[in-house]
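If you read the sequence from its start, that first residue is 1, and numbering goes on from there. Read the numbers this way: they start at 1 and go in the same order the structure lists the ligands and their atoms.
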Amino acid sequence: MLWEARFQVWLFLQLLWAAAVEAPEPGAEVPVVWAQEGAPAQLPCSPTIPLQDLSLPRTRQVTWQHVPESGSAAPTPRGPGPRRYTVLRLAPGGLRIGRLPLQSRVQLEETGLQRGDFSLWLRPARRADAGEYHAAVRFGNRALACRLRLRVGQAAVTASPPGPLWTSSWVVLNCSFSRPDLPASVHWFRGPGRVPVQESPHHHLVGNFLFLPRVSSLDSGTWGCSLTYRDGFIVSITYNLAVLDLEPRVPLTVYTGAGSKVELPCRLPPGVGIQSSLTAMWTPPRGGPDLLVAGDQGNFTLRLEAVGQAQAGTYTCCVHLQGRQLSATVTLAVITGQV
Ligand SMILES: *[C@@H]1O[C@H](CO)[C@@H](O)[C@H](O)[C@H]1NC(C)=O
Ligand SMILES: *[C@@H]1O[C@H](CO)[C@@H](O)[C@H](O)[C@H]1NC(C)=O
């Protein structure tokens, strides 16, 4: 009985202690600043009072300190619990960087300092940067103290199903950031030009998902999303979608002289491991009989001997693979020597 009672007290104290550690200081809500792992992060610190009449240079002193989040890799875990250490100190004589491992990633911006912005920049932010930050600033005869809690989240675009897709299959892209609240808005874009993706029969936007019901080789390339949160924080990430199709992907015209032999190309993209032996069915122009070409490591090139005008026209190469039909078209143009 006694043991049980003690255990309960111990549990109670554990809870109390946990609550005490978690709770912010009375009356002082520590503002939370979010960062994306691997992206630059700004830890803001500037006076709320306008600074027009202040002479900032030379007399400024800035000290940023970090108390790593318990459980994250503190620079020197000595004794229990996370320890506060100086990340960076700007003394009147010049810049003196704090200790490793932050060093080269940690910056104060000179242009910011001149405007009275003492923000600390992490380029890029890492998971171990999470925790509480304190800044002590002196400029002229004024002082400023800043305090914030940095939280570092991971952003990802995941595809379901993952990996390369065959043309005409579907895919769902999931844009996520490890933050408890939902983003206020989600935007999808394409390519380096960040062209916005709109709802269409080909693109369905649902929350932080993008559903592509039927991909084509035109969908190969970069897809990106940005999540905007209520506090103004924006996460932006990209995903490289690979859509496989028979090559040539766009209709090709092959020119040849009358009487010569010619090869009409048709092949699976290189690097696609195909276990079974495949055969392509070539449909010639003007409804001739289909021509079968056994694939040689995904190569279904059609060879024609001594071609004449009768063979000119558009050929279609069809391959059945994993329940879908892939096709490519090649046009043969025969040039005669007659003037
Ligand atoms: C979307 O991705 C996130 C992060 O990988 C994951 O936690 C979440 O379960 C995914 N959602 C769905 C519906 O797959
Ligand atoms: C495909 O096969 C043809 C002949 O069958 C050959 O000439 C051509 O070089 C091959 N293409 C590739 C990319 O291997």
Review point. With distance as the sole criterion, is a donor-acceptor pair present between the side chains of Arg194 and Ser226 under 3.5 Å?
Key: no

Point to revise | Ring geometry between His203 and Trp223 (parallel below 30°, tilted from 30 to 60°, perpendicular above 60°) | key: tilted

Point to revise | Atoms of ligand 1, numbered as shown, that sit under 4.0 Å from any heavy atom of Asn174 | key: 1 (C), 2 (O), 3 (C), 8 (C), 10 (C), 11 (N), 12 (C), 14 (O)

Practice item. Please collect all salt bridge (Lys or Arg N to Asp or Glu O under 4.0 Å) contacts where either partner lies in residues 207-231, sequence neighbours excluded, each pair once. Key: Arg179-Asp231

Check your understanding: Between Glu109 and Arg123, is there a side-chain N and carboxylate O pair less than 4.0 Å apart?
Key -> yes

Point to revise | Smallest separation among heavy atoms of Ser327 and Thr316, with atom names | key: CB-CG2, 4.2 Å

Practice item. Determine the interplanar angle of the Phe177 and Trp34 rings, folded into 0 to 90°, and report it as parallel if under 30°, tilted if 30 to 60°, perpendicular if over 60°. Key: perpendicular

Study note, to complete from the structure: Contacts for ligand 2, heavy atom under 4.0 Å, by chain and number, are Glu263, Arg267, Asn299, Thr301, Arg303

